[in-house]
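First comes the structure, then the notes that go with it.
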Amino acid sequence: DAAVRDIPRHVLGSLTLEEFYQQGPHSDAPLIFTDAPPEDHPCFGEGQADPDWLLEALYQHCRDKIRLDEMADPSIRGGKRAFFAMDFGRFVRLWRRGREGLAEEIGLRGPTLGLEYPLLDRCARELWEQIR
């Protein structure tokens with residue numbers, strides 16, 4: 001039977017980028033952030049990053065590779081496997097062409113995850129504070 005665990009709480013802005021990754025995404029664990037001013041509420045305020053803005057900002061800054069994952073076992077959480085890697089700029093150009101662009105290039109076979117957490121850390125650390 002599953003154990004009940006407390007979700008760690010942190011004041012917004014109290015974690016470094018490295019601490020956030022270590023305690024959250026890299027540990028596959030949730031985090032709760034408190035004391036966010038109303039104008040910075042990530043889901044409702046002006047601080048939420050526009051997806052088009054984020055993609056363009058990363059496109060301008062990133063000269064790294066991106067790993068594409070596909071669903072390997074949809075019955076388990078995180079049931080995915082890496083199946084392709086490409087230059088991030090090339091990925092964005094194909095993405096902007098729509099599903100057909102990526103499908104022609106890499107042969108999409110189902111749901112695909114193409115934006116991994118470390119990409120922001122590796123490519124555009126200066127964007128960290130602007131993104132929610």
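The residues of the chain are indexed from 1 along the displayed sequence.
Other residues, nucleotides and ligands contribute at most 12 non-hydrogen atoms within 6.0 Å of the CZ atom of Arg9.
Under the salt bridge (charged side-chain N to carboxylate O under 4.0 Å, His left out) criterion, Glu104 pairs with Arg97, not counting sequence neighbours. Qualifying side chain to side chain contact (heavy atoms under 4.5 Å, CB included) partners for Glu70, counting only residues two or more places apart in sequence or in other chains: Arg81, Phe83, Arg109.
Separation of atoms CG (Leu31) and NE2 (His10) is listed at 5.0 Å; rounding is to 0.5 Å. To the nearest 0.5 angstrom, Asp64 atom CG is 11.0 Å from Leu58 atom CG.
Residues Gln22 and Glu18 bring no donor and acceptor atom of their side chains to less than 3.5 Å of each other.
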Would you tabulate the side-chain donor-acceptor contacts of residues 84-92 under 3.5 Å, counting partners in other chains and residues two or more places apart, or write 'none'?
residue, atom, partner, partner atom, Å
Asp87, OD2, Gly89, N, 3.1
Asp87, OD2, Arg90, N, 3.1
Arg90, NE, Glu105, OE2, 3.4
Arg90, NH2, Glu105, OE2, 2.1

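When all heavy atoms are compared, the tightest approach of Pro30 to Pro8 is O-CD, 3.7 Å. Looking at every heavy atom in both residues, Glu19 comes nearest to Ser14 through OE1-O, 3.9 Å.
Looking at Leu12 and Thr34, their side chains never come closer than 4.5 Å, going by heavy atoms from C-beta outward. Contact check for Trp95 versus Tyr59: no side-chain heavy atoms found under the 4.5 Å cut-off.
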